[in-house]
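Working notes for the structure below.
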Amino acid sequence: MKINIKKQSGIYTLTSEQILPISLEKAWEFFTHPNNLDRITPKEMQFKITNNPPDKTYLGQIITYKIGILPMVKSNWITEITHFEDQKFFVDEQRFGPYAMWHHEHHFEATEDGRVKMTDIVNFKLPLGVFGDLLAGFYVKNKVKFIFESRFKILEEIFKS
């Protein structure tokens with residue numbers, strides 16, 4: 001697992017790479033089924049899809065959620081699938097929610113040994129500009145990193161080789 005977070009021009013960029021012991025086809029099938037997001041998000045986030053998306057992700061799809069952003073504080077979150085290339089990548093972008101900006105790229109690549117390399121690139125910006133960054137930047141950066149560290153472990157468990 002490789003996870004890196006950097007900040008430039010007020011925007012945080014998290015990059016995460018994980019090799020899964022499954023085929024590209026199986027990975028694509030799993031990650032483009034919106035309800036699997038509930039399975040791979042840590043329980044502490046109190047994450048719940050609130051609309052009823054179809055079983056397959058598609059370009060233009062809107063998905064609505066409730067998510068715990070702080071202890072005892074939940075937020076509505078709406079994302080749209082803005083880019084989609086079959087068995088290569090898709091992008092979800094926040095339309096409404098806790099971030100000033102959220103742009104999440106999901107990339108999938110078959111490896112020579114029949115596994116799949118999954119790369120997530122998340123660009124996010126906090127609301128309230130510099131004040132929001134000073135107030136919550138450290139906390140939110142670590143929370144996003146925690147989500148991807150947890151996701152790594154959950155996926156290792158789901159796809160044990």
Side-chain angles (χ1 to χ4, degrees), residues 3-18 20 22 24-70 73-110 116-129 131-133 135-137 139-152 154-155 158:
I3 294 180
N4 180 37
I5 294 186
K6 62 183 178 183
K7 182 180 167 196
Q8 295 176 305
S9 303
I11 297 174
Y12 293 89
T13 301
L14 174 138
T15 305
S16 172
E17 289 183 5
Q18 184 171 7
L20 295 172
I22 56 175
L24 173 61
E25 293 77 15
K26 188 171 180 179
W28 188 255
E29 175 70 27
F30 182 84
F31 288 98
T32 58
H33 191 292
N35 289 313
N36 282 331
L37 197 49
D38 281 347
R39 291 179 63 191
I40 65 173
T41 301
K43 300 289 180 228
E44 298 91 320
M45 298 302 299
Q46 303 169 32
F47 181 89
K48 180 159 181 43
I49 294 175
T50 56
N51 64 346
N52 191 18
D55 289 345
K56 294 302 290 174
T57 297
Y58 60 88
L59 186 62
Q61 182 175 30
I62 299 288
I63 304 174
T64 64
Y65 323 87
K66 274 225 184 278
I67 188 165
I69 57 171
L70 293 168
V73 178
K74 286 192 168 193
S75 176
N76 291 312
W77 197 4
I78 299 171
T79 61
E80 178 183 357
I81 304 301
T82 58
H83 299 80
F84 187 92
E85 190 170 337
D86 192 42
Q87 295 193 23
K88 293 194 182 205
F89 76 98
F90 65 94
V91 176
D92 65 85
E93 292 186 48
Q94 174 185 286
R95 292 294 171 243
F96 175 83
Y99 296 92
M101 180 193 94
W102 176 272
H103 181 274
H104 182 181
E105 302 174 28
H106 308 255
H107 295 268
F108 302 86
E109 180 183 343
V116 68
K117 176 180 162 187
M118 184 177 67
T119 304
D120 289 281
I121 303 167
V122 182
N123 292 287
F124 62 96
K125 184 173 176 65
L126 300 179
L128 306 176
F131 181 69
D133 218 26
L135 189 64
Y139 174 80
V140 173
K141 176 183 83 165
N142 286 325
K143 192 70 154 182
V144 173
K145 187 175 181 189
F146 165 76
I147 291 167
F148 281 87
E149 289 169 341
S150 298
R151 184 171 289 179
F152 180 89
I154 292 165
L155 290 170
I158 291 172

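Start at 1 with the first residue, then count along the sequence.
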| Between OG1 of Thr79 and CD1 of Ile62, what distance do you get to the nearest 0.5 Å? | 7.0 Å
| task | Taking Thr50 for its side chain and Lys66 for its backbone only, find out whether a donor-acceptor pair lies under 3.5 Å. | result | no
| message | Can you confirm whether Leu155 sits close enough to Phe30 that some side-chain heavy atom of one is under 4.5 Å from a side-chain heavy atom of the other? | response | yes
| query | With side chains defined as the heavy atoms from C-beta onward, is the minimum distance between Phe89 and His83 less than 4.5 Å? | reply | yes
| request: Find out whether Ser150 and Met45 are in side-chain contact, i.e. whether some heavy atom of one side chain is under 4.5 Å from a heavy atom of the other. | output: no
| query | So Glu25 and Gln87, side-chain contact (heavy atoms from CB on, under 4.5 Å) or not? Walk me through it. | reply | CA-CA 7 Å; Glu25 293 77 15; Gln87 295 193 23; 3.7 Å; yes
| message | What verdict does the side-chain contact (heavy atoms from CB on, under 4.5 Å) test give for His106 and Ile81, after you've listed the backbone C-alpha separation in whole Å, the side-chain angles of each residue and the deciding distance to 0.1 Å? | response | CA-CA 11 Å; His106 308 255; Ile81 304 301; over 6 Å; no
| said: Less than 4.5 Å apart, side chain to side chain, heavy atoms only: is that true for Asp92 and Trp102? | reply: yes
| said: Tyr65 vs Leu37, test: side-chain contact (heavy atoms from CB on, under 4.5 Å). Steps then yes/no. | reply: CA-CA 10 Å; Tyr65 323 87; Leu37 197 49; 3.7 Å; yes
| Minimum side-chain heavy-atom gap Glu93-Met101 below 4.5 Å | no
| Side-chain contact, heavy-atom cut-off 4.5 Å: Leu20 with Phe108? | no
| task | Could you check whether the rings of Tyr12 and Phe124 sit parallel, tilted or perpendicular, using 30° and 60° as the cut-offs? | result | parallel
| Non-hydrogen side-chain atoms of Lys145 and Ile3 separated by less than 4.5 Å | yes
| query | Does Lys143 NZ have over 12 foreign heavy atoms under 6.0 Å away? | reply | yes
| Can you name the residues that form a side-chain hydrogen bond (donor to acceptor under 3.5 Å, both in side chains) with Ser16, not counting sequence neighbours? | none
| request: Scan for salt bridge (Lys or Arg N to Asp or Glu O under 4.0 Å) pairs involving residues 39-55, sequence neighbours excluded, and state none if there are none. | output: none
| request: Let me see the working for Trp77 and Gln94 under side-chain contact (heavy atoms from CB on, under 4.5 Å), right down to the final yes or no. | output: CA-CA 7 Å; Trp77 197 4; Gln94 174 185 286; 3.0 Å; yes
| Flag side-chain contact, heavy atom, 4.5 Å: Ile40 against Phe31 | yes
| Does Asn4 CG have over 12 foreign heavy atoms under 6.0 Å away? | yes
| query | Got a second to check how far Lys6's NZ is from Thr13's OG1, nearest 0.5 Å? | reply | 6.0 Å
| note | Between Asp120 and the options Gln18, His104, His107, the side-chain hydrogen bond (donor to acceptor under 3.5 Å, both in side chains) test singles out His104
